[in-house]
Amino acid sequence: MAFVRIEHDVRLDLAHDCDLGDTVLARAPAIDDLGRELGALREHRRRLDAVPIDALVAYMDALSAQWAEPTSPVAAAFGRKGLAFLLGYMRRERLTRTLDVSLRGDRHHLDGWRPVDDAGAHVAAQPRGLVAHWLAGNVPMLGVLSWLQATLARNVSVLKLPRENGRILPALLAHVARTDLVANGVTVEGRWIAGAALCVHAEHDDPAHAELSLAADLRVAWGGRDAVEAVRALPRRADAHDLVFGPKYSFAVIGREALASPTAVERLARGLALDASAHEQHGCNAPHTAFVETGGPVTPLDFARALADAMAQVLVRHPKAPITADEARRIVELRAEHVLDGRVFRSAGTEWTVLYTDEAGCAPPCFNRVVSVRPVASADHVLPWIERGHQTMGLAMGAERARDLALRATRAGIERVVPIGRMSEYDVPWDGVFPIDRMVRWVGWTSADGPPP
Amino acid sequence: MSDAGAIETLLARSPFAPDDRDRDTLFARAMREAFAHHLATNSAFRALCEDAGLSSDAWPDSVADYPYVPAALFKHPRLTRGAAPTALRLRSSGTGGAASEIAVCPVTARRQAKASAKVIAAYLGATRRPFLVLDTPPVPQGDGPLAARSAATRGFLPFASTVEYLAVPGTDPPAVDLPKLQDALERCARGDEPVGVYGPTYALYRAAIAPLLAAGTPVRLPAGSKVAHLGGWKRLGDERVDRATFVRDAALAFGVTSDDIVDFYGFTEQMGLVYGSTGGGPRVTPCYAELIVRDPDTLLPVPDGATGLVQILTPVPHSYPGISVLTDDVGRVVGRGVDAQGRRGTWFEIDGRAPRAEPRGCGDAPVRTER
């Protein structure tokens with residue numbers, strides 16, 4: 001048994017099926033010598049050493065603009081797969097900020113030596129080497145980000161694709177390979193970038209995973225508990241590093257003062273609806289519960305109504321992806337339970353659901369645009385319900401209270417506190433780390449010309 | 001026309017009569033009678049119906065427009081707390097989660113028995129015959145509820161002239177004493193009276209069919225003998241035993257034709273309603289029930305042939321509102337009308353429980369709940 005190579009193939013008919021089905025996999029060639037493949041990836045990657053990081057960023061920015069064109073085949077194929085999320089991340093401003101924040105305040109550490117002091121000490125960020133990515137299926141664009149970050153840090157990538165949505169990344173890489181641009185005054189050929197990435201697939205029990213794991217300098221695991229634990233259990237070299245983006249839970253907290261006007265309520269509801277609709281709520285940053293303080297000008301129940309209106313509006317602009325029978329059954333069950341024990345606001349089909357009860361604690365995630373609204377007498381009451389594994393807290397309240405609650409919430413386990421409406425952004429730090437920082441080796445050089453210590 | 005008495009009129013009918021032309025009309029009247037009763041007697045059911053936009057002032061034109069109760073909700077005490085006197089309490093296996101417990105009143109019990117007897121007779125024949133049952137006697141444990149599995153077994157007893165229970169007491173799934181089974185089967189095979197063999201699907205295969213074939217001791221039961229089984233296919237499916245394999249092996253182990261092997265489908269929330277399949281063919285709804293397949297995205301009925309969530313309507317339950325249940329199963333309608341065996345109804349296939357969607361993204365962290 002071995003990995004099969006999933007070719008970077010722009011001709012795939014992705015409008016109908018983005019999954020790696022049996023037919024695609026049966027046609028895919030087996031990789032009989034992973035070492036040779038890695039050698040070829042490294043050859044391509046070498047060309048990137050001469051490309052300044054600002055040129056690479058400019059290349060991605062231009063690519064983002066191309067793909068955003070309504071006539072772009074990428075937009076046509078992936079418009080409903082979270083493409084807008086990816087394109088937003090690829091914009092120059094976002095990438096520049098992310099790189100600077102992640103790399104000791106200066107992305108140019110990727111280009112060469114930057115002085116640390118006046119005594120001749122310098123540091124630079126070198127590629128970590130081979131980054132092996134085990135990607136999750138139902139938030140496909142997060143997997144693209146994983147590759148993108150590794151590439152900006154000039155690593156080579158082997159991407160183990162999931163079956164679900166597994167054809168998206170190879171298709172995007174095919175588009176990259178065909179796109180040569182003069183970026184920031186530097187010619188960047190797409191094949192240098194795409195050629196440094198290999199897409200593979202194997203069933204979860206295939207020994208090829210262990211071979212890849214042992215070759216990897218950095219293992220990046222995305223997905224649910226079983227998926228990331230399976231990667232963690234693979235053998236690895238003692239000097240290899242891990243980045244694990246495992247299962248997380250996110251929620252929103254709304255202070256009574258944030259509901260001061262109808263406009264504010266509408267804006268909050270709209271933001272929360274967008275956050276809960278992105279990636280059909282499968283992302284770790286998607287809110288499943290909104291805790292709303294009582295005693296304000298708008299009751300939590302009225303906020304639930306406003307949220308329902310907003311969910312309906314968001315559905316018009318962001319149509320729902322199809323769900324499975326089991327997912328539909330879970331939604332129908334939850335709705336029925338809440339008819340008996342609370343209140344339900346919902347679409348006619350399974351498109352979106354707002355559940356209201358006065359139960360305490362976080363509602364179990366149902367995904368697929370199902371949000372529970374729960375009243376709390378004080379936002380402080382949420383703190384005991386926070387635990388490790390909770391990621392993003394969307395927060396709407398006065399600045400002083402927000403600052404204090406954010407500190408106490410992060411102390412309790414939350415990793416990220418952002419305004420409601422921005423929960424679905426991919427940001428840094430993420431899950432407690434600066435991912436690009438983990439994708440480089442920090443190296444030092446002290447000039448002999450410097451003053452003696 | 002008043003709907004009063006429509007349910008009893010319906011239950012007096014033959015389940016699959018090919019010339020039953022006003023079957024749909026009578027069924028619609030019986031469902032109105034059933035909905036009217038439960039709307040008036042069960043506040044939780046009324047709340048669910050009101051949420052779905054149903055009221056007794058305006059009945060839907062089509063039974064496909066009636067609301068449904070998801071099967072899992074029958075563990076909710078507000079829904080299953082009946083006002084009628086209880087003859088029996090039924091408990092589901094709970095394999096798909098928490099078990100539901102249902103109060104069965106004498107009216108419901110009588111209707112269940114009637115529907116069940118008529119449908120089973122259509123598949124096994126009305127003549128009583130000796131039965132080998134791969135289970136223990138179906139009695140409640142102490143004052144507790146009767147397990148759904150036992151209730152299902154009870155449905156076959158009216159067709160038995162004698163019953164021999166072959167399961168080892170206290171085993172679940174039922175284990176069988178193989179020499180005792182072989183002895184009983186050989187005794188039946190020596191006679192010329194058709195017999196019945198009944199067991200839960202998994203137990204019948206694992207405790208009887210597979211061991212008989214492995215031991216090289218298949219039997220040839222008298223012509224006209226029937227092998228009936230009921231229950232989920234999940235465990236056998238996990239062991240890669242599909243329906244075709246089951247039918248082939250069962251025919252070989254008992255020396256019967258594939259048409260003598262009847263796979264009954266049913267569920268606790270509509271006990272008494274069973275749907276037979278012979279030789280792996282499609283099931284047919286009797287006139288006491290109708291099946292709707294719903295699209296997971298729109299929840300609207302899908303065209304025949306398309307797969308979706310299975311809803312079954314029947315007016316049989318009286319003491320609890322199990323008259324329109326969205327099951328845990330997926331399936332599809334494969335035809336309508338009179339089938340090759342002369343049974344009129346909706347032909348359908350059940351694929352089994354909707355496969356559990358396993359969140360593979362990064363948002364599936366468990367949460368502590370205080371529910």
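Values in this document were obtained by computation on a predicted structure and should not be read as measured data. Values below: every heavy atom of this structure, side chains too, minus hydrogens, waters and symmetry copies. So that the names make sense, note that chain A is the first sequence line, chain B the second, and so on, each numbered from 1.
- To the nearest 0.5 Å, the span separating CG on Asp295(B) from OG1 on Thr350(A) amounts to 7.5 Å.
- Other residues, nucleotides and ligands place no more than 12 heavy atoms under 6.0 Å from the CG atom of Asp61(B).
- Checked by atom type and distance alone, the side chain of Asp297(B) never pairs as donor or acceptor with a backbone atom of Glu351(A) at under 3.5 Å.
- Using a 4.5 Å cut-off between heavy atoms, Leu73(B) touches chain A through its side chain atoms alone.
- Here salt bridge (charged side-chain N to carboxylate O under 4.0 Å, His left out) pairs that include residues 37-50 of chain B, with residues two or more places apart or in two chains, number zero.
- Of the residues considered (Ile323(A), Val228(A), Asn368(A)), Ile323(A) shows the highest number of contacts with chain B, using heavy-atom pairs under 4.5 Å.
- The environment of CZ in Arg163(A) is crowded: more than 12 heavy-atom neighbours from other residues, nucleotides or ligands sit within 6.0 Å.
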Run Asp51(B) and Arg346(A) through salt bridge (charged side-chain N to carboxylate O under 4.0 Å, His left out) and show every step you take. CA-CA 10 Å; Asp51(B) 177 70; Arg346(A) 60 176 174 80; 3.2 Å; yes

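- At most 12 heavy atoms of other shown residues, nucleotides or ligands fall within 6.0 angstrom of atom NZ in Lys234(B).
- In this structure, the side chain to side chain contact (heavy atoms under 4.5 Å, CB included) partners of Pro301(B), at least two apart in sequence or on a different chain, are Ala64(B), Ile292(B), Arg294(B).
- In this structure, the separation between CG on Asp328(B) and CZ on Arg329(A) is 5.0 Å, given to the nearest 0.5 Å.
- Counted within 6.0 Å of CZ on Arg305(A), heavy atoms from surrounding residues, nucleotides or ligands total more than 12; the atom is thus considered enclosed.
- Interface remark: of the candidates Gly349(A), Ala321(A), Ala328(A), Gly349(A) forms the most heavy-atom pairs closer than 4.5 Å to chain B.
- By the 6.0 Å contact criterion, CZ on Arg336(B) is enclosed, its count of non-hydrogen atoms from other residues, nucleotides or ligands being greater than 12.
- Paired with Pro70(B) under the rule side-chain contact (heavy atoms from CB on, under 4.5 Å), one option of Glu333(A), Glu337(A), Arg335(A) passes, and it is Glu333(A).
- When each of Leu326(B), Thr298(B), Leu48(B) is checked for heavy-atom pairs under 4.5 Å with chain A, Leu48(B) comes out on top.
- Looking at Ala348(A), the atoms closer than 4.5 Å to chain B (heavy atoms on both sides) all sit in the backbone: N, CA, C or O.
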